[in-house]
Amino acid sequence: MAEESQKWILMVTARTPTNIAVIKYWGKRDETLILPINDSISVTLDPDHLCTTTTVAVSPSFEKDRMWLNGKEISLGGGRYQNCLKEIRRRANDVVDEKKGIHIRREDWENLHVHIASYNNFPTAAGLASSAAGFACLVFSLAKLMQVKDDLGQLSSIARQGSGSACRSLYGGFVKWVMGNDVSGSDSIAVQLANETHWDDLVIIIAVVSSRQKETSSTTGMRESVETSTLLQHRSKEVAPKRILQMEEAIRNREFESFAKLTCADSNQFHAVCLDTSPPIFYMNDTSSRIISYMERWNRFEGTPQVAYTFDAGPNAVLIARNRKAATLLLQRLLFYFPPLPENELSSYVIGDKSILQEAGLQSLKDVEALPPPPEMKENIPSKKFIGDVSYFICTKPGRGPVLLTDEDQALIHPKTGLPK
Ligand code: DP6
């Protein structure tokens, strides 16, 4: 190594969004390389509300690769982490920092160790795709540190090997993960369909649903579906390819009706596949089903869809409203059916972009209590309320892709000790 001192530490910090699939990825044709059985399409969520921040540091004084997630050390021993680290190191380049007097040669990277600290700005336990943002951020920040050629497509194929859905988090806006054909996986990459400004009317409200149940992980669930579900075979061959084309067109032309119908149908088919798996998998619970029927009823009442719903491998609802007006009506409905527990504050029950609360005329719990039943409820049926069945709501929107954070204050690793701050 050109630099003799063992003291230097070089760091990079980045922030990466999470994403929600509107045409789902469910099923692999290669478990190790993580190659899917159909294309999928997602919307990137605004990183201001849901994101992972990761700092990666390198120093000749580090004795092994180490990682901390939300302050707790975790093992990097798993194959997925190892594959990502190996693929990035393979593409590393010479790195020179004149100010610090550092010169790392391409071949040095094999012998240098990294420290990684990662933090989610949302509760990991909430069951919101944290692995997607996490692996995307790990790969993006390592690539910046090791000055890997700036090719997001290539990086997406590395992030894919951490977690399939992570490859779609390398872009903002609307993203397609092309399944590819090659056995090496080199053509199984993410591509951006449109950036986050293309369809900026959309508003997203996530209902984080209270759940006591331990869920089957996506990885295990999809393996069992591939092995046992005939509906999944039909879906991947016949249904998903057609929906992908229709969804691309809906996004291109900002056709909400088609977008909403496809999104809801695809979520429902994914959960039907789960039920068709042996033994059956239940990701949604009673609250999820209730949300679906309320949304269906409202859309039918309006004559044209106001909202799309989609659920991943858990009970949380991701609701996409056609515009801000629809979002305020949506939030009023959600709070009418699912008011907070009396001890909750409205300001901690609805988080993220709080301006929607104001636009919906809701300033306090009193305003929530005073909400009238939605007009689509038949007058003779008393409208039931389900207090406490939703933990909280996150108001957000489609957002941008990964960014580098250059301010040292935002780094999660101490520049002197090389350990988490
Ligand atoms: C239901 O990407 O978490 O969210 O590739 O095994 O890590 P692995 O699975 P993961 O699966 C995501 C499944 C999904 C649908 C989707 O995001 O497309």
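Heavy-atom basis, side chains included; hydrogens, waters and symmetry copies ignored. Not measured: the values here are computed from a predicted model. Both ligands and their constituent atoms are indexed starting at 1 by order of listing.
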### Message
Rounded at 0.5 Å granularity, tell me how far OH in Y171 sits from OG in S42.
### Response
11.5 Å

### Message
I want to check a possible cation-pi pair here: R80 against F135, using under 6.0 Å from ring centre and within 45° of the ring axis as the test.
### Response
no

### Query
If you count the atoms of ligand 1 from 1 in the order shown, which ones are under 4.0 Å from a heavy atom of S165?
2 (O), 3 (O), 10 (P), 17 (O)

### Query
Among I205, I206, L330, V22, which one satisfies side chain to side chain contact (heavy atoms under 4.5 Å, CB included) with I320?
V22

### Task
Would you indicate whether the side-chain heavy atoms of K144 and L404 approach each other to under 4.5 Å?
yes

### Task
Could you tell me which atoms of ligand 1, counted from 1 in the order shown, lie closer than 4.0 angstrom to a heavy atom of M222?
9 (O), 11 (O)

### Query
For ligand 1, does R80 get within less than 4.0 Å through its side chain, its backbone, both, or neither, judged by non-hydrogen atoms?
side chain

### Query
S40 to ligand 1: N or O pair under 3.5 Å?
no

### Task
Check whether NZ of the Lys or CZ of the Arg K385 lies under 6.0 Å from the centre of the six-membered ring of F336 and within 45 degrees of that ring's axis.
yes

### Task
Pick one of side chain, backbone, both or neither for how N19 approaches ligand 1, counting any non-hydrogen atom pair under 4.0 Å.
neither

### Query
Are any of the heavy atoms in R160 under 4.0 Å away from ligand 1?
no

## Note on the structure
All heavy atoms of N70 vs all of Y119, minimum pair found to be OD1-CA, 3.3 Å

### Query
Against heavy atoms of I34, which atoms of ligand 1 measure under 4.0 Å?
5 (O)

### Task
Going by the side chain to side chain contact (heavy atoms under 4.5 Å, CB included) test, name the single residue among N19, I204, L202 that passes it with V43.
I204

### Task
Decide whether an N or O pair under 3.5 Å exists between S163 and ligand 1.
yes

### Query
What atoms of ligand 1 come within less than 4.0 Å of a heavy atom belonging to G164?
2 (O), 5 (O), 7 (O), 8 (P)

## Note on the structure
Residues D65 and V114: closest non-hydrogen pair is OD1-N, 2.9 Å

### Task
Compute the minimum heavy-atom distance from W177 to ligand 1 and say whether it is under 4.0 Å.
no

### Query
With atoms numbered from 1 as shown, which atoms in ligand 1 lie under 4.0 angstrom from a non-hydrogen atom of K28?
5 (O), 6 (O), 8 (P)

### Message
Side chain, backbone, both or neither: which applies to A21 and ligand 1 if a contact is any heavy-atom pair less than 4.0 Å apart?
### Response
side chain

### Query
Looking at F270, which atoms of ligand 1 are within less than 4.0 Å of one of its heavy atoms?
1 (C)

### Message
Please tell me whether W68 and S118 have a donor and an acceptor in their side chains that are separated by less than 3.5 angstrom.
### Response
no

